[in-house]
Structures are given as C-alpha cells and as structure tokens.
Amino acid sequence: MMRRRIDRVPWWVYVLLIAAVVIAVFPLYWMFVVASNDSATAYKMPPRIVPGENLFHLAGLVFSTVPFVRSLVNSAAVAVAIGAGQGVLCALAGFAFAKLRFPGRNTLFTIVVLTMTVPTQLAVIPQYMIMSKLGWVDTLQALIVPGLASAFGIFWMRQHISSTVSDELLQAARIDGANSWQIFWQIAFPLVRPAAFVLGLLGFVTAWNDFLWPFIILKSPEMYTAQIAIKALQNSYVVDLGLAMAGSFLATVPLLVLFVFVGRRLVTGIMDGAFKG
C-alpha cells in the first residue's frame with residue numbers, strides 16, 4: 001500500500017520540490033560566485049553564474065585585513081557554549097514545568113511563553129546596561145550568558161518532556177529514593193536527549209549568525225565574532241562585495257561542515273518531536 005502511494009505522487013510535486021531546493025540553495029551559490037570573482041560580478045547584466053578563480057586571493061585578503069581566524073574561534077566558543085547551555089538548561093527548566101508541582105508553575109510558564117512575543121531588539125538597552133554594570137562590555141561572556149536559555153527552548157523541551165517522559169516512570173524512581181536532580185539527569189534527560197540536541201544545534205546556528213548584539217557589545221578587533229569581522233571588511237564609503245562575500249563564504253563553511261555530520265540527526269530529532277508532540 002505504501003509503495004502504491006509513493007508511485008502515485010504526481011510529477012508536479014517533484015517540480016515544486018526541485019524549484020524549492022534551487023531557490024533555497026541559489027543564494028549560497030551566488031555568494032560563492034561573487035566571492036570567487038570580484039565586486040563587478042554582482043552588477044553585471046546578464047549576471048555571471050560561473051565561479052571564478054579569485055577565491056583564494058580574496059580569502060587571503062580577508063585573513064590579512066581582519067583577525068578572521070581569531071573571529072572564527074570566538075564564534076565557535078560562543079556558539080558551542082550557548083548550544084550546550086540551551087540543551088541542558090532549557091531541558092532542566094522544561095522538566096520543572098512539565099513534571100514538578102510548585103506554586104505559580106502555570107503562571108510562570110505563561111510569562112515565559114509571552115516573552116516570545118517581545119522583539120529581542122527591545123532588550124538591547126537594558127541588557128547593555130546590565131553588562132556595563134557587570135564590567136562585561138567587550139567580553140565573550142556578555143554574548144554567552146544571555147543566550148544560555150531561551151523562552152522557545154524552554155517551551156520546546158517542556159512539550160517534549162510532557163509527551164515523552166511518563167509520570168509512572170518518575171514515581172517509580174522516587175519510590176526507589178531518587179531525588180529530583182537524579183530523576184532529571186539519569187532518567188528524563190537521556191529520554192529527551194535527541195530533542196535537546198536539536199535545540200542545542202539551533203542555538204549554535206543562531207549564536208553563530210548573530211550580528212546585532214555582538215556588534216553593540218564588542219569593541220576590540222581581537223574579540224570580534226565572524227559576523228562582526230565581516231562587517232569590519234567593509235569600508236565606510238565603499239563596499240567591496242567580493243571581499244565581503246568571501247568573508248561570508250568562509251564564515252558559512254563551518255556551518256556546512258557541521259550540517260554534513262549532524263544533518264540527519266537534526267532532521268530525525270525534529271521529526272521525532274513532531275510525531276510525539
């Protein structure tokens with residue numbers, strides 16, 4: 001029966017899927033084309049769609065113009081810390097909201113969900129004031145600490161834990177003498193590790209691509225993340241698109257490599273959460 005359903009997929013569905021893939025991939029390919037040519041390629045009519053031979057030359061200019069290697073290391077450190085923090089801390093908060101009983105639980109969870117409706121730009125000024133009071137301006141911890149947990153992550157893990165971890169299993173663990181932390185770390189977290197991995201990976205990508213907050217809080221070139229280093233490649237009056245695209249491509253390569261290795265786990269974790277939710 002399943003084989004018949006697959007055979008019945010009309011041809012136009014494949015056409016739409018191919019068109020969607022082309023639309024999604026073309027910006028990345030165009031970035032590579034401009035990065036391997038020069039700025040004039042972006043303005044040619046008709047546009048040139050064949051890669052050139054200047055990629056290594058422009059990449060060398062990127063590394064010589066800004067401390068790009070240090071910026072990649074900074075981005076990796078921030079993104080890994082935020083990804084790991086969101087995977088664990090959001091799972092811990094989600095477990096508390098899903099399985100623990102305490103006064104004001106529903107009210108607090110409602111407040112957490114409502115914060116997702118507030119634009120992140122509104123928090124920039126008070127967040128900067130807090131970082132200034134702590135003396136964290138122009139430091140990586142100013143990027144890491146505010147991103148260790150997110151309202152979406154708490155909501156995601158709360159819903160997943162509610163549908164995955166049974167109350168009977170937790171009651172049996174309590175009868176055996178386990179406390180709340182042991183129940184979370186030894187029973188609940190292993191069951192929802194795929195969802196936590198997906199959340200951590202999404203947090204990693206978000207932190208890697210973040211521009212606004214690092215642009216505001218970082219001042220020194222040696223503290224730049226990759227996205228701020230790309231901004232530093234642009235002159236105040238003239239934008240060298242070839243150089244900027246080369247930097248953007250170099251900053252995108254780590255994400256592409258990451259997706260090659262964990263892409264299947266990412267899709268599996270998302271689909272598992274969708275079917276269980």
Side-chain angles (χ1 to χ4, degrees), residues 28 31-32 34-35 38-39 42 54-90 118-151 153 200-259:
L28 180 63
M31 177 176 62
F32 175 72
V34 178
D38 50 39
S39 298
N54 293 332
L55 179 61
F56 292 103
H57 171 68
L58 291 176
L61 288 179
V62 170
F63 288 110
S64 62
T65 304
V66 295
F68 203 73
V69 174
R70 179 65 181 270
S71 300
L72 291 175
V73 173
N74 291 340
S75 288
V78 172
V80 169
I82 289 178
Q86 288 197 11
V88 176
L89 295 179
C90 291
V118 180
T120 56
Q121 292 81 0
L122 294 181
V124 167
I125 294 177
Q127 193 166 280
Y128 185 90
M129 295 174 63
I130 293 174
M131 297 301 141
S132 179
K133 291 291 185 181
L134 294 174
W136 286 2
V137 175
D138 198 27
T139 61
L140 295 184
Q141 57 260 38
L143 304 180
I144 295 173
V145 174
L148 290 178
S150 66
L201 188 58
L202 295 177
F204 178 96
V205 174
T206 301
W208 183 277
N209 293 326
D210 189 21
F211 174 80
L212 177 62
W213 179 238
F215 181 69
I216 294 173
I217 203 70
L218 299 179
K219 311 298 182 183
S220 306
E222 62 272 13
M223 301 305 298
Y224 283 172
T225 59
Q227 309 306 323
I228 308 306
I230 294 172
K231 175 63 175 64
L233 292 171
Q234 303 177 21
N235 189 281
S236 300
Y237 302 100
V238 180
V239 177
D240 189 339
L241 286 180
L243 189 63
M245 288 297 183
S248 299
F249 180 77
L250 293 174
T252 305
V253 169
L255 296 182
L256 297 178
V257 174
L258 178 66
F259 185 78

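The structure presented is a predicted model; accordingly, all values stated were derived computationally and were not measured. All heavy atoms count here, side chains included; hydrogens, waters and symmetry mates do not. Positions are given from 1 along the sequence.
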| field | Which residues share a side chain to side chain contact (heavy atoms under 4.5 Å, CB included) with V66, sequence neighbours left out | value | F68, A229, A232, L233
| task | Please name all residues satisfying side chain to side chain contact (heavy atoms under 4.5 Å, CB included) with A149, sequence neighbours left out, ordered by chain then number. | result | C90
| said: Before you tell me yes or no, could you show the steps for W136 and V145 under side-chain contact (heavy atoms from CB on, under 4.5 Å), namely the whole-Å CA-CA distance, both residues' side-chain angles and the distance that decides it to 0.1 Å? | reply: CA-CA 10 Å; W136 286 2; V145 174; 3.6 Å; yes
| query | Tell me the side-chain hydrogen bond (donor to acceptor under 3.5 Å, both in side chains) pairs involving residues 55-65, sequence neighbours left out? | reply | none
| said: Measuring only between side-chain heavy atoms, which start at C-beta, is M31 closer than 4.5 Å to L28? | reply: yes
| message | What's the separation between atom CG in N209 and atom CZ in F204, rounded to the nearest 0.5 Å? | response | 9.5 Å
Anything under 3.5 Å between a donor and an acceptor, one on a side chain of residues 77-86, the other on a protein residue two or more places apart or in another chain? List them.
residue : atom : partner : partner atom : Å
Q86     : NE2  : G147    : O            : 2.9

| said: For F215, is the CZ atom crowded, meaning more than 12 foreign heavy atoms sit under 6.0 Å from it? | reply: no
| request: Supply the atom-to-atom distance I130 CD1 to I125 CD1, rounded to the nearest 0.5 angstrom. | output: 12.5 Å
| note | The reported gap from OG in S132 to CD1 in I217 (rounded to nearest 0.5 angstrom) is 8.0 Å
Donor-acceptor contacts under 3.5 Å from residues 247-259 side chains, at least two apart:
residue : atom : partner : partner atom : Å
S248    : OG   : A244    : O            : 2.9
T252    : OG1  : S248    : O            : 2.7

Could you tabulate the donor-acceptor pairs under 3.5 Å formed by side-chain atoms of residues 219-228, not counting sequence neighbours?
residue : atom : partner : partner atom : Å
K219    : NZ   : I216    : O            : 3.0
S220    : OG   : D138    : OD2          : 2.5
Q227    : NE2  : W208    : O            : 3.1

| remark: Closest heavy-atom pair, L143 versus P214, reported as atoms and distance to 0.1 Å, is CD2-CA, 3.7 Å
| said: If the condition is ring-ring contact (aromatic ring centres under 6.0 Å, His included), which residues does Y128 pass it with, not counting sequence neighbours? | reply: none
| request: Output all residues satisfying side chain to side chain contact (heavy atoms under 4.5 Å, CB included) with P119, sequence neighbours left out; order by chain, then residue number. | output: Q121, L122
| Smallest separation among heavy atoms of L58 and A246, with atom names | CB-CB, 3.8 Å
| said: So, taking the atom named CE in M245 and the one named CD1 in I230, what distance separates them when rounded to the nearest 0.5 Å? | reply: 10.0 Å
